[in-house]
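Take a look at the structure below.
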Amino acid sequence: NRYIVWFTTLMNSVYLLIKVFYYPFKSSQLSDIILGIAVFCLAWVECIFCEAKVLRVHRPPHISGQVNGESRPLLGATSSYTSEHQAIPNYGGYYSALPSDAGSIFRTPHGSPTPSDLGPSIDERFASRNSPIREEHPLTAEQNGLVATAQNALEIIWSLYNRPLSIWEEEKLTSFVKVHSHVDPTGLKTYRAEAVLDSTASQVFRVAFFDQTSVPEWDTTVKEAKTLEAIDEHTRVGYNVAADMGGGMISTRDFVTVLRWTKFNDTWVSAGVACTHSSMPPQGNMVRGENGPCGFICKPLANDTSKCHFTWLLNTNLKGWLPKAIIDRALASVQISFIERLQQRLKDLRS
């Protein structure tokens, strides 16, 4: 109940002020020092909880500082990809370090591999879930813009994936999954989760990317996933809702993302980046997060092609006033949880 949160936060804040100005603290008494710190910490945590759980949901847009119905972080944009005036963000600082005359390594030439070895075509899979399918006609200017944005994100992901491992700092390690992170000079932080999965690269890519609308069936961190528009065979606009994270400290977020995939030699690569779509404006009961360049890379092991090396690069702006330590811990845990459940899903499909 939001009124309970308001009331308790107000009372503790008033109590803190009274303590500070009227209580005769004695620096020589440990109990007085502990009491002062405890009261301050309690009021601080309650203010954060009130902001995250109550104010951002219930206050009107003209007070909350929303743009086009979307909440902005109280501490300002933490990522250079956030733009208030562009329907499609500009990722100029992320361009892949490829020679200018090399062209894109991700153009799909005639006769290149298709997803036929993954079972039904992408359009058939979309149609089976009542997703909107683009009829065969020239792309609109808006669709071409989305394709270009997704293509740029794809090259960014490939560039990040191939950067030296020495730039990545350890975030969280388990016996199965390794999570590292890298902060670029502009302050953008990318998380890199890796594991070796007991399935072929094409099988893993199918479950993790092509069948994303089925992810909520086996991953509890995703509440909803659907396709808003299939632009072409390699590009689509998706929508997903992430469950609460950090033990409820980070409330439900939703994301609209343009996604693109390709196959480079024997490696499957996908990328996604935030976009807007007329069919899914910001929802009043959720904070709209923004994904920077994110993607999956599935590469067969050199000595055993029945297994693959799976990498998830994650760069996201959750919006809101959230402590950095909570975000770091929550995102690393989400990546570990996803990969562990992905491994179990693949095992269930084989049995």
Side-chain angles (χ1 to χ4, degrees), residues 96 105-106 113 115-119 153-182 189-222 225 240 242 245 259-272 291 293-316 328-351:
S96 173
I105 61 173
F106 289 111
S116 58
D117 61 323
L118 302 179
L154 200 59
E155 297 184 7
I156 292 166
I157 288 298
W158 187 248
S159 176
L160 282 172
Y161 175 70
N162 287 288
R163 287 187 180 180
L165 295 178
S166 58
I167 72 169
W168 300 92
E169 298 182 0
E170 179 181 314
E171 283 284 342
K172 193 171 183 178
L173 303 179
T174 70
S175 58
F176 179 50
V177 184
K178 299 178 181 179
V179 181
H180 294 79
S181 66
H182 169 64
K189 187 169 187 176
T190 301
Y191 297 83
R192 177 176 180 143
E194 300 176 282
V196 175
L197 304 182
D198 296 327
S199 297
T200 65
S202 60
Q203 290 169 338
V204 173
F205 199 73
R206 175 177 181 171
V207 174
F209 181 76
F210 287 134
D211 293 339
Q212 275 196 330
T213 54
S214 301
V215 170
E217 299 174 8
W218 50 269
D219 184 8
T220 57
T221 64
V222 181
N240 69 287
M245 294 179 281
L259 303 157
R260 188 167 173 82
W261 71 272
T262 193
K263 187 177 182 184
F264 182 57
N265 294 331
D266 60 352
T267 303
W268 296 87
V269 184
S270 73
N291 284 324
C294 305
F296 299 139
I297 300 95
C298 300
K299 182 179 179 64
L301 296 186
N303 57 349
D304 186 357
T305 57
S306 65
K307 299 181 180 181
C308 84
H309 186 269
F310 177 79
T311 302
W312 178 12
L313 295 174
L314 174 63
N315 176 350
T316 188
D328 289 343
R329 185 164 59 251
L331 293 180
S333 297
V334 164
Q335 287 189 296
I336 291 173
S337 174
F338 175 83
I339 295 177
E340 289 176 343
R341 290 189 172 99
L342 175 60
Q343 174 80 317
Q344 182 61 46
R345 174 67 169 180
L346 292 164
K347 182 179 178 180
D348 293 342
L349 292 175
R350 290 196 300 269
S351 61

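Reckoned from all heavy atoms, side chains included, excluding hydrogens, waters and symmetry mates. Counting begins at 1 with the first residue of the sequence. Here the structure is a predicted model, which means the values were calculated and not measured.
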Can you measure from SG (Cys298) to CG (Asp266) and round to the nearest 0.5 angstrom?
-> 11.5 Å
Pair Asp219 + Arg345, salt bridge at N-O below 4.0 Å | no
Can you tell if the side chain of Leu259 reaches within under 4.5 Å of the side chain of Gln212, non-hydrogen atoms only?
-> yes
Is the shortest heavy-atom distance from the side chain of Phe264 to the side chain of Ile297 under 4.5 Å?
-> no
Rounded to the nearest 0.5 Å, what's the gap from CZ on Phe205 to NZ on Lys299? Could you check?
-> 14.0 Å
Separation between CG (Leu313) and OG1 (Thr190), nearest 0.5 Å, reads 7.0 Å
Determine, using ring centers only, whether Trp168 and Tyr191 are less than 6.0 Å apart.
-> no
Determine, stepwise, if the pair Leu197 / Ile339 fulfils side chain to side chain contact (heavy atoms under 4.5 Å, CB included).
-> CA-CA 9 Å; Leu197 304 182; Ile339 295 177; 4.2 Å; yes
Atom pair CZ (Phe338) and CG (Leu342), whose distance is rounded to the nearest 0.5 Å | 5.0 Å
Residue list, side-chain hydrogen bond (donor to acceptor under 3.5 Å, both in side chains) with Ser306, at least two apart or on another chain | Asp304
Side chains of Arg163 and Ser159: closer than 4.5 Å at any heavy-atom pair?
-> yes
Applying side-chain contact (heavy atoms from CB on, under 4.5 Å), name anything that partners Glu194, two or more places apart in sequence or on another chain.
-> Arg192, His309, Thr311
Tell me, do Trp268 and Thr200 make a side-chain contact under 4.5 Å, heavy atoms counted?
-> no
Do you know the tightest heavy-atom contact between Phe310 and Ala208?
-> CE1-CB, 4.3 Å
Heavy atoms, side chains only, cut-off 4.5 Å: are Val269 and Thr267 in contact?
-> yes
Is the backbone N or O of Phe296 less than 3.5 Å from a side-chain atom of Ser270, with the two atoms forming a donor-acceptor pair by type?
-> yes
Does Gln335 reach the main-chain N or O of Val179 with its side chain, forming a donor-acceptor pair under 3.5 Å?
-> no
What pairs with Ala225 under side-chain contact (heavy atoms from CB on, under 4.5 Å), at least two apart in sequence or on another chain?
-> Pro216, Val222, Asn240
So how far is it from Asp328 CG to Ser181 OG, rounded to the nearest 0.5 Å?
-> 7.0 Å
NE2 on His182 to CD1 on Ile167, rounded to 0.5 Å = 4.0 Å
Taking all non-hydrogen atoms of both residues into account, name the closest pair between Ser199 and Leu346 and its distance.
-> OG-CB, 3.5 Å
Pair Lys347-Asp198, side chain to side chain contact (heavy atoms under 4.5 Å, CB included): steps then yes or no = CA-CA 8 Å; Lys347 182 179 178 180; Asp198 296 327; over 6 Å; no
If you take all heavy atoms of Gln343 and Val196, which pair is closest and at what distance?
-> NE2-O, 4.4 Å
If you draw a 6.0 Å radius around CD in Glu169, do more than 12 non-hydrogen atoms from other residues or ligands fall strictly inside?
-> no
Under the side chain to side chain contact (heavy atoms under 4.5 Å, CB included) rule, what do Trp218 and Gln344 come out as? Steps first, then yes or no, please.
-> CA-CA 9 Å; Trp218 50 269; Gln344 182 61 46; over 6 Å; no
